[in-house]
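I have placed the structure first, in the form of structure tokens, so that the comments after it can refer back to it.
Protein chains get the first letters and strands the later ones, always in sequence-line order, with residue 1 at the start of each.
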Amino acid sequence: MNMDSIVSLCKRRGFLFQSSEIYGGLQGFWDYGPLGVELKRNVKEAWWSDMVNGHDDMNTLSGAPSPYAMEGLDCTIIMHPQVWKCSGHYDLFHDHMVDCRETKKRYRYDQINGRWVEAKGRKIFVTAPAGDEEQAHLTKQALKFFNLRNKHIDDLKWEGSVVCLTDLENFDEVLGPDAKSLGSLTEPREFNLMFKTFVGALSGEEGTAFLRPETAQGIFVNFKNVLDSTRHRLPLGIAQVGKSFRNEITPRNFTFRSREFEQMEIEFFCHPDQSQDWYRYWRDRRLNWYHKLGISGDNLIMREHHQGELAHYSIGTADIEYAFPFMSEGEYGELEGVSHRGDFDLRSHMEGKLDEKSADLALQLDADGNPKWKGSGKDLSYRDDLTNEKYIPHVIEPSAGADRATLAFICEAYTEDEQPDEKGKMKTRTVMKFHPRLAPIKAAIFPLVKKDGMPEVAKEVYLDLKKHFKVFYDEKGAVGRRYRRQDEAGTPYCITVDGQTLEDQTVTIRDRDSLDQTRIKIDECESVIRDRIGQ
RNA sequence: GCGGGUGUAGCUCAGUGGCUAGAGCAUCACGUUGCCAACGUGAAUGUCGAGGGUUCGAAUCCCUUCACCCGCUCCA
């Protein structure tokens, strides 16, 4: 299967268009067409209904430690700037990068370490990416630069300890991590990963605000409000669907990495002692959700992050990943991350930005010993009124990308198979095998031919079904062609009014995947479709 | 951000300095129709990605720019 034919079908049939296409397009921005918007809405509605509105809060679900409540929330895209300072996004998303002119590689400025070394009467600063192997890398680079063999390793005279590149002012004597010549690293340059805007008429620094780079923070800052207004006890999940914005350096791969995208996030608040069990519950529950909506086991994997990959505060993170066709064999792209965030987020908004690098997650201080970014000072801890225990809840965060999920469902649905034409000759058929719940159009209604009163009856059936489902009427061209058109749109059922309909009030219903046709009464159409799409 | 490639009708693509820019598919109309991309006739559709330049003449050559694809880089 090839991504180009999927992209081409998306454009042709109205799933996805490039944003501002008539002006040449805009990198990293995409529009959903008539079919795409229905598909994406169905994805979001399936998520909301399965996770929030349809959630059974009376019983203990399979794999869960106890019953739990779910609530929804819809926060603003622009929030108080302090939110991003305390969450860590402000510092993190203002990355400084250095480029190597020689190797064309780019490094994060604060993640390059190095050390002064002298040999053959020359002193240089060798560098390596920060990590366990850095001294080995430094030695290798130094030997190579001075053209020394391993047995002359003692000729290298190291000076001082390993320091970060950020401690250096001049890069003239710096050897890049993969370079052969000195001074190939550029000055650090800033990459703004958060979109900046201005609140109020004045565009001064004091009015600066940011478009949210994730929806999660809106939930954390409203945690207390939701708790107080709903009278729930923990465990409690709060869900939100909404747009987020990241000024990605390299948007790539169709809608996979967009600069404006939609997230479906849950922040699940629970007692620290139970958090491990809840983490496992959510990880498995979320993987299952994709399975049930038709993504096959082979294309979907769960990848647990290994220790070195985990943020300091996280006890576990698992990515649910899909084998997108634009990735190479054996590679997967992230659909959703499920992470155990401990009390990091709530504490950050209480106390201020925490230092992720410190073992005990201490408050990050500035040069004067004051908090670098001050928190709200509000108490976001929870008191259990049954046990009278007071604690800061731990958080499990299943964070899914609505656009990525939609794209995965599109890729998974895309199928080319062989079906006989009217003469029995095998022809290639393109069909989008969406799960009926996700299909943009649930059923199409056709008169077999455009005469003998068939269109009139078909239109009645159409208008009647339209009250319940997204349906489509088509009378143009041969019926075979109309079936194929619906196959490309992913419509699971086609209802055809034929000669027999006029005699006994029955129609045929044709299944997209099997091509089987069964005859049902007109009155049964609604219930049969409802039954088959599982609503 | 770097290197390579591409950009012509809704889609897939042909057209390498010269007449009014083409094909297949798709679309629409009329006729025909009797269950899986039928057929006939006809119609509509393009600032040749955008801007500038060279030339008597540019889709074609040059410059700039935008977008997409591949490889680096990045990816809370």
Find the partner of [N]: check Watson-Crick (N1-N3 plus N6-O4 or O6-N4) and G-U wobble (N1-O2, O6-N3) distances, both under 3.5 Å, and reply none if neither fits.
N	result
B:rA67	B:rU6
B:rA43	B:rU27
B:rU55	none
B:rC74	none
B:rU20	none
B:rG34	none

For atom [atom1], what is the distance between [N] and [M], given to the nearest Å?
N	M	atom1	answer
B:rA26	B:rA50	C1'	27 Å
B:rG10	B:rC28	P	15 Å
B:rG34	B:rG24	C1'	29 Å
B:rA59	B:rC74	P	43 Å
B:rU60	B:rG49	P	8 Å
B:rC35	B:rC69	P	44 Å
B:rU45	B:rG22	P	13 Å
B:rG46	B:rA21	P	12 Å

Would you kindly compare A:I22 and A:R519 by the position of their nearest RNA chain B nucleotide and give the one closer to the 5′ end?
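Counting from the 5' end, the first nearest nucleotide belongs to A:R519.
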- [ ] Let me know, please, whether A:E265 or A:T496 comes out on the 5' side of the other along RNA chain B by nearest nucleotide.
- [x]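 The residue mapped nearer the 5' terminus is A:T496.
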>> Counting distance alone, no hydrogens or angles: does the base of B:rC35 have a donor or acceptor under 3.5 Å from a partner atom on the side chain of A:D498?
In response: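 For A:D498, whose side chain was compared with the base of B:rC35, there is a donor-acceptor pair (under 3.5 Å).
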Q.
Against A:R283, only a single residue in A:E304, A:E397, A:E336 fulfils salt bridge (Lys or Arg N to Asp or Glu O under 4.0 Å); can you say which?
A.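 Exactly one option meets the salt bridge (Lys or Arg N to Asp or Glu O under 4.0 Å) with A:R283, and it is A:E304.
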Discussion item. As a test of understanding, state which of A:R404, A:R212, A:K40 forms a salt bridge (Lys or Arg N to Asp or Glu O under 4.0 Å) with A:E262.
Written reply: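 Output: one option passes, namely A:K40.
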NA contact type, [X], heavy-atom cut-off 4.0 Å: base, sugar-phosphate, or nothing?
X	value
A:D452	base
A:S87	nothing
A:N253	sugar-phosphate
A:E488	base
A:G28	sugar-phosphate
A:Q517	base

- prompt: ring pair (Phe, Tyr, Trp, His ring centres under 6.0 Å) with A:F210: which of A:Y90, A:W84, A:F245?
  reply: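 Exactly one candidate clears the test, A:Y90.
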Next item on the list: Please examine the side chains of A:M3 and A:Y414, heavy atoms only from C-beta on, and report whether any two atoms are closer than 4.5 Å.
Entry: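 A:Y414 does not reach A:M3 side chain to side chain.
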Between [X] ([atom1]) and [N] ([atom2]), how many Å, whole number?
X	N	atom1	atom2	answer
A:R259	B:rC74	CZ	P	17 Å
A:F256	B:rC70	CZ	P	13 Å
A:E416	B:rA37	CD	P	16 Å
A:I6	B:rC69	CD1	P	13 Å
A:R512	B:rC35	CZ	C1'	19 Å
A:F254	B:rC69	CZ	P	9 Å
A:R13	B:rA37	CZ	C1'	12 Å
A:Q27	B:rG1	CD	P	8 Å

Taking distance alone, no hydrogens or angles, what donor-acceptor pairs closer than 3.5 Å link side-chain atoms of residues 26-36 of chain A to residues at least two apart or in another chain?
from  : atom 1 : to     : atom 2 : distance (Å)
A:W30 : NE1    : A:F254 : O      : 3.2
A:Y32 : OH     : A:D403 : OD1    : 2.7

Exercise. Can you find a side-chain donor-acceptor pair between A:D504 and A:T506 that sits under 3.5 Å?
Worked result: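 Looking only at side-chain atoms, A:T506 and A:D504 do form a donor-acceptor pair, the distance falling under 3.5 Å.
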> Looking at A:Y332, does the NZ or CZ of A:R303 lie under 6.0 angstrom from its six-membered ring centre and within 45 degrees of the ring axis?
Replying inline: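 No; the conditions do not both hold, so A:R303 does not lie above the ring face of A:Y332.
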Positive for side-chain contact (heavy atoms from CB on, under 4.5 Å) with A:I6, one of A:T430, A:I410, A:L407, A:L16 =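 One option only clears the test, and that one is A:I410.
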Practice item. Could you tell me whether A:R341 and A:E267 have a side-chain N and a carboxylate O separated by less than 4.0 Å? Key: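 Salt bridge: no.
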### Task
State whether A:R510 and A:D487 are salt-bridged, where the test is any N-O pair (Lys NZ or Arg NE/NH1/NH2 against Asp/Glu carboxylate O) under 4.0 Å.
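A salt bridge links A:R510 with A:D487.
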Any protein N or O atoms within reach of nucleotides 7-11 of chain B? Criterion: under 3.5 Å, listing atom names and distances.
from   : atom 1 : to    : atom 2 : distance (Å)
B:rG10 : O3'    : A:K11 : NZ     : 3.4
B:rC11 : OP1    : A:K11 : NZ     : 2.4
B:rC11 : O3'    : A:S8  : OG     : 3.4
B:rC11 : O2'    : A:S8  : OG     : 3.3

Flag yes if more than 12 heavy atoms outside A:H80 fall under 6.0 Å of its NE2 atom; otherwise flag no.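 At most 12 heavy atoms, drawn from other residues, nucleotides or ligands, come within 6.0 Å of this atom.
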Between A:E460 and A:I522, is the side-chain contact (heavy atoms from CB on, under 4.5 Å) condition met? List the steps. CA-CA 10 Å; A:E460 273 176 43; A:I522 288 181; over 6 Å; no
Can you give me the N/O atom pairs linking the protein to nucleotides 27-33 of chain B at distances under 3.5 Å, or say none if there are none?
from   : atom 1 : to     : atom 2 : distance (Å)
B:rU27 : OP1    : A:R485 : NH1    : 2.2
B:rU27 : OP2    : A:R481 : NH1    : 2.9

